[in-house]
Amino acid sequence: MALNVDLQAQWQERAAEFQMLVAARYANESEDKLDRAAEQADDLEFFKIRYQLTLLERDMARLGLQWLSVEQQNNSRDALRRIREICESCKDLYTAMQAITAMHQSLPRSHLALAIKTFRSDLAGMPAEDVAGLLTAAWNGGLQGFDAVLRTRKTGARKAASTLPWAQSDG
């Protein structure tokens with residue numbers, strides 16, 4: 001956060017310097033003709049400051065998206081706020097789950113499932129482990145995998161699979 005404030009302060013300082021330079025040297029030029037006038041005047045200082053502003057804007061934009069990084073430790077309060085906003089804005093359950101999984105890859109699916117279950121009324125009767133299964137199905141199997149798992153979860157309780165397939169009865 002302090003780094004972001006430092007970048008903003010640097011940007012404001014450079015932007016003020018740029019505005020003073022433009023006012024002093026190119027007061028009669030329109031905004032769209034500034035670059036051309038500076039080029040004709042061979043004004044290296046103008047382009048140096050403009051370039052520095054561009055780099056600072058790029059760095060601020062990167063910091064703004066830093067929370068998306070897989071390595072980034074997510075603040076749980078911010079993550080919950082984002083998950084709630086996604087759940088409220090996405091009418092389709094699949095779309096919401098895809099977006100949440102993509103944006104919060106560093107969080108365990110079990111935690112994401114609990115958060116999604118909190119904010120989606122269409123998952124109220126489903127256990128958190130089934131919601132985690134839906135997240136995995138949506139992420140790994142796409143819409144078809146998601147629909148298949150959702151159908152099996154809605155049709156009834158899961159049946160325990162036999163560990164010995166030859167021991168199952170045929171009839």
Look at the side-chain heavy atoms of Ile, Leu, Val, Met, Phe, Trp and Tyr, link any pair under 4.5 Å apart, and say whether [X] and [Y] land in one connected group.
X: Trp139; Y: Leu135; answer: no
X: Leu55; Y: Phe47; answer: no
X: Leu80; Y: Ile86; answer: yes

Gap separating the [atom1] atom of [X] from the [atom2] atom of [Y], nearest 0.5 angstrom:
X: Leu44; Y: Ile49; atom1: CG; atom2: CD1; result: 11.5 Å
X: Trp11; Y: Glu57; atom1: CH2; atom2: CD; result: 6.0 Å
X: Asn28; Y: Lys33; atom1: CG; atom2: NZ; result: 12.0 Å
X: Leu112; Y: Thr136; atom1: CG; atom2: OG1; result: 9.5 Å
X: Leu34; Y: Arg25; atom1: CG; atom2: CZ; result: 12.5 Å
X: Leu53; Y: Lys48; atom1: CG; atom2: NZ; result: 12.0 Å

### Message
Would you say that Ile100 contacts Arg82 through its side chain, given a criterion of any heavy-atom pair below 4.5 Å between the two side chains?
### Response
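Heavy-atom side-chain distance check fails, nothing below 4.5 Å.
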### Message
Closer than 3.5 angstrom, by distance alone: can the side chain of His111 be matched with the main-chain N or O of Leu107 as a donor-acceptor pair?
### Response
no
### Query
Is it true that a side-chain atom of Thr101 and a backbone atom of Gln98 form a donor plus acceptor pair closer than 3.5 Å?
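Looks like no, no N/O pair under 3.5 Å.
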### Query
Do Arg50 and Asp35 pass the side-chain contact (heavy atoms from CB on, under 4.5 Å) test, and can you show the C-alpha distance, the side-chain angles, and the key distance before you say yes or no?
CA-CA 10 Å; Arg50 179 162 275 195; Asp35 286 341; 2.5 Å; yes
#### Entry: Phe46 and Tyr26 aromatic ring geometry - parallel, tilted or perpendicular at 30°/60° bounds
perpendicular
### Task
Please check if atom CG in Asp32 has more than 12 non-hydrogen atoms from other residues, nucleotides or ligands closer than 6.0 Å.
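Check passes, neighbour count above 12.
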### Query
Which atoms form the tightest heavy-atom contact between Ala113 and Ala128, and what is the distance?
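Between these two residues, the closest heavy atoms are CB-O, 3.6 Å.
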Please tabulate, one pair per line, all N/O donor-acceptor pairs under 3.5 Å involving side-chain atoms of residues 114-121, not counting sequence neighbours.
from   : atom 1 : to     : atom 2 : distance (Å)
Lys117 : NZ     : Leu123 : O      : 3.4
Lys117 : NZ     : Ala124 : O      : 3.0
Lys117 : NZ     : Met126 : O      : 2.7
Thr118 : OG1    : Leu114 : O      : 2.7
Arg120 : NE     : Asp122 : OD1    : 3.2
Arg120 : NH1    : Cys87  : O      : 3.4
Arg120 : NH1    : Cys90  : O      : 2.6
Arg120 : NH2    : Lys91  : O      : 3.2
Arg120 : NH2    : Asp122 : OD2    : 3.0

### Message
I'd like to check the side-chain contact (heavy atoms from CB on, under 4.5 Å) partners of Gln40; sequence neighbours left out, ordered by chain and number.
### Response
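Listed in chain order: Arg36.
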### Message
Taking salt bridge (Lys or Arg N to Asp or Glu O under 4.0 Å) as the definition, give me every residue that meets it alongside Glu17, ordered by chain and number, with sequence neighbours left out.
### Response
Arg14
